[in-house]
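Worksheet: the structure to be examined is printed underneath.
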Number of protein chains: 2
Amino acid sequence: MKSLDEQSRILKAIAHPHRMEIIRRLKGDGCNVSEIQKNMGLPQSTISHHLLIMKNAGILSSRRNGTTVCYSIQIEEVKEILDILSGV
Amino acid sequence: MKSLDEQSRILKAIAHPHRMEIIRRLKGDGCNVSEIQKNMGLPQSTISHHLLIMKNAGILSSRRNGTTVCYSIQIEEVKEILDILSGV
DNA sequence: AAATAACATTCTGATAATATAATATTATGA
DNA sequence: TCATAATATTATATTATCAGAATGTTATTT
């Protein structure tokens, strides 16, 4: 079991509207980053930055696939947390 | 259903080790603030500050009871989230 | 009303988070 | 190897958070 400190680091990495939306989009069709970026209408560097924050927190992993990079959710619990929140 | 912005505000208010510990203590025996403060070994103003942050986010409510103030958890989902996290 | 207990608020410097422009990297195709 | 697409990194200015000391408030007891 992770320490409170580690647990709160995970939470912190989720606790941002843009990042919550990114996670939600990754939950569905998966990894198409540039599509997410277009749909969210944010600069590419901003999206990339948020992705990095979540990757550093261990929430996401990435694998390159030719010129694109595919992100996916590593910590299943994160999905549950978002589901709970959406019912609040 | 709350907006992503509101949802992330709730998460943000939880995403701190001290605050997670406070919530955990409130889950059990409830509201005795000064006891929590002693157990956590933090200055009273620091605890009070964290309590206010969570109250402003709507997570906690408080009612005065003579000279003491009793805090309790308002958003049940917060407990679930902590439970999920503790299993990560 | 003075003393005390239990909290809350204000203030301050320190640190961290945010957004985005600019630039760099990596991979593919002509 | 040039051009282009997709993504990452760096740099920077702005804003938000943190901890805790100092001080203020509210309620009780005598």
Side-chain angles (χ1 to χ4, degrees), chain A residues 3-23 25-26 29-74 78, chain B residues 3-23 25-26 29-74 78:
Chain A
S3 68
L4 273 188
D5 220 78
E6 292 168 311
Q7 289 177 43
S8 75
R9 208 170 301 139
I10 292 172
L11 269 193
K12 225 177 246 181
I14 315 176
H16 188 287
H18 291 341
R19 294 200 287 269
M20 289 178 73
E21 187 169 351
I22 290 175
I23 292 174
R25 288 176 189 277
L26 287 179
D29 61 334
C31 37
N32 195 329
V33 173
S34 55
E35 195 165 326
I36 287 177
Q37 191 231 120
K38 278 165 207 151
N39 287 333
M40 291 184 57
L42 291 171
Q44 178 265 321
S45 63
T46 301
I47 297 286
S48 203
H49 197 220
H50 285 306
L51 286 169
L52 185 65
I53 286 172
M54 292 192 280
K55 195 179 170 187
N56 283 341
I59 292 174
L60 302 183
S61 69
S62 68
R63 69 168 190 283
R64 182 171 274 275
N65 190 353
T67 127
T68 72
V69 173
C70 168
Y71 279 85
S72 47
I73 297 173
Q74 278 304 292
V78 164
Chain B
S3 69
L4 273 188
D5 220 77
E6 293 168 310
Q7 290 177 43
S8 76
R9 207 170 302 140
I10 292 172
L11 269 193
K12 226 177 245 183
I14 315 175
H16 187 288
H18 290 343
R19 295 201 286 269
M20 290 178 72
E21 186 170 351
I22 290 174
I23 292 173
R25 289 175 189 276
L26 287 178
D29 61 335
C31 37
N32 195 330
V33 173
S34 54
E35 195 166 328
I36 287 177
Q37 191 232 119
K38 280 165 207 152
N39 288 333
M40 290 184 57
L42 291 171
Q44 178 265 321
S45 65
T46 301
I47 296 286
S48 204
H49 198 210
H50 286 305
L51 286 169
L52 185 65
I53 286 173
M54 292 192 279
K55 195 180 171 185
N56 284 340
I59 292 174
L60 302 183
S61 68
S62 66
R63 68 170 189 282
R64 183 172 272 276
N65 190 352
T67 126
T68 73
V69 174
C70 169
Y71 279 85
S72 47
I73 297 173
Q74 279 302 292
V78 163

Checklist entry - Between B:His16 and B:His50, what is the ring plane arrangement, given parallel below 30°, perpendicular above 60°, and tilted in between? => result tilted
Checklist entry - Has A:Arg64 got a side-chain N or O lying under 4.0 Å from the OP1 or OP2 atom of C:dT25? => result no
Checklist entry - Do any side-chain nitrogens or oxygens of B:Ser34 fall under 4.0 Å of OP1 or OP2 in C:dC7? => result yes
Item to check | Length of the NE2-C1' vector between B:His50 and D:dG20, whole Å | outcome: 10 Å
Item to check | Length of the line joining B:Ile53:CD1 and D:dG20:C1', which is rounded to integer Å | outcome: 13 Å
Next on the checklist: If we count only N and O atoms by modelled type, under 3.5 Å, do the side chains of A:Glu6 and A:Ser3 hold a donor and an acceptor together?
Outcome noted: yes
Item to check | Any A:His18 side-chain N or O less than 4.0 Å from OP1/OP2 of C:dT18 | outcome: no
Item to check | Distance, rounded to the nearest Å, where B:Leu60 contributes CG and C:dA8 contributes C1' | outcome: 15 Å
Next on the checklist: Quick check on DNA chain C: between B:Leu51 and A:His16, whose nearest nucleotide comes earlier from the 5' end?
Outcome noted: B:Leu51
Item to check | Whole-Å distance separating the CE atom of B:Met54 from the P atom of C:dA8 | outcome: 12 Å
Checklist entry - How far apart are the C-alpha atoms of A:Asn39 and A:Glu21, what are their side-chain angles, what is the distance that settles it, and do they pass the side chain to side chain contact (heavy atoms under 4.5 Å, CB included) test? => result CA-CA 11 Å; A:Asn39 287 333; A:Glu21 187 169 351; over 6 Å; no
Checklist entry - Do the side-chain N or O atoms of B:Ser48 get closer than 4.0 angstrom to the phosphate oxygens (OP1, OP2) of C:dT9? => result no
Item to check | Distance in Å, B:Leu26 CG paired with B:Met54 CE, rounded so as to fall on 0.5 Å steps | outcome: 6.5 Å
Checklist entry - Choosing from C:dT28, C:dA21, D:dT7, which nucleotide comes nearest the side chain of A:Pro43? => result C:dA21
Next on the checklist: Under 3.5 Å, is there any donor-acceptor pair linking the side chain of B:Gln44 to the base of C:dA6?
Outcome noted: no
Next on the checklist: By the 4.0 Å heavy-atom rule, please label B:Thr68 as base, sugar-phosphate, or nothing.
Outcome noted: sugar-phosphate
Next on the checklist: Can you measure A:Ile36 atom CD1 to D:dA6 atom P for me and round it to whole angstrom units?
Outcome noted: 14 Å
Checklist entry - Has B:Ser45 got a side-chain N or O lying under 4.0 Å from the OP1 or OP2 atom of D:dG20? => result no
Checklist entry - Taking A:Tyr71 as the fixed residue, which of A:Ile23, A:Ile22, A:Leu60 is the one that meets the side chain to side chain contact (heavy atoms under 4.5 Å, CB included) rule? => result A:Leu60
Item to check | C:dA27 OP1/OP2 closer than 4.0 Å to side-chain N/O of A:Thr67 | outcome: no
Item to check | Atom-to-atom span, CD1 of B:Ile22 to P of C:dC7 - whole angstrom | outcome: 13 Å
Checklist entry - Where the side chain of B:Arg19 meets the backbone of B:Ala13, is there a donor-acceptor pair that is under 3.5 Å apart? => result yes
Checklist entry - What is the distance from CZ of A:Arg63 to C1' of C:dA27, rounded to the nearest Å? => result 16 Å
Checklist entry - How is A:Ile47 classified with respect to the nucleic acid when contacts are heavy atoms under 4.0 Å: base, sugar-phosphate, or nothing? => result nothing
Checklist entry - Below 4.0 angstrom from OP1 or OP2 of D:dT10, is there any side-chain N or O of A:His49? => result no
Checklist entry - Between B:Gln37 (CD) and D:dA19 (P), how many Å, whole number? => result 14 Å
Checklist entry - Is the phosphate of D:dA8, meaning OP1 or OP2, less than 4.0 Å from a side-chain N or O of A:Tyr71? => result yes
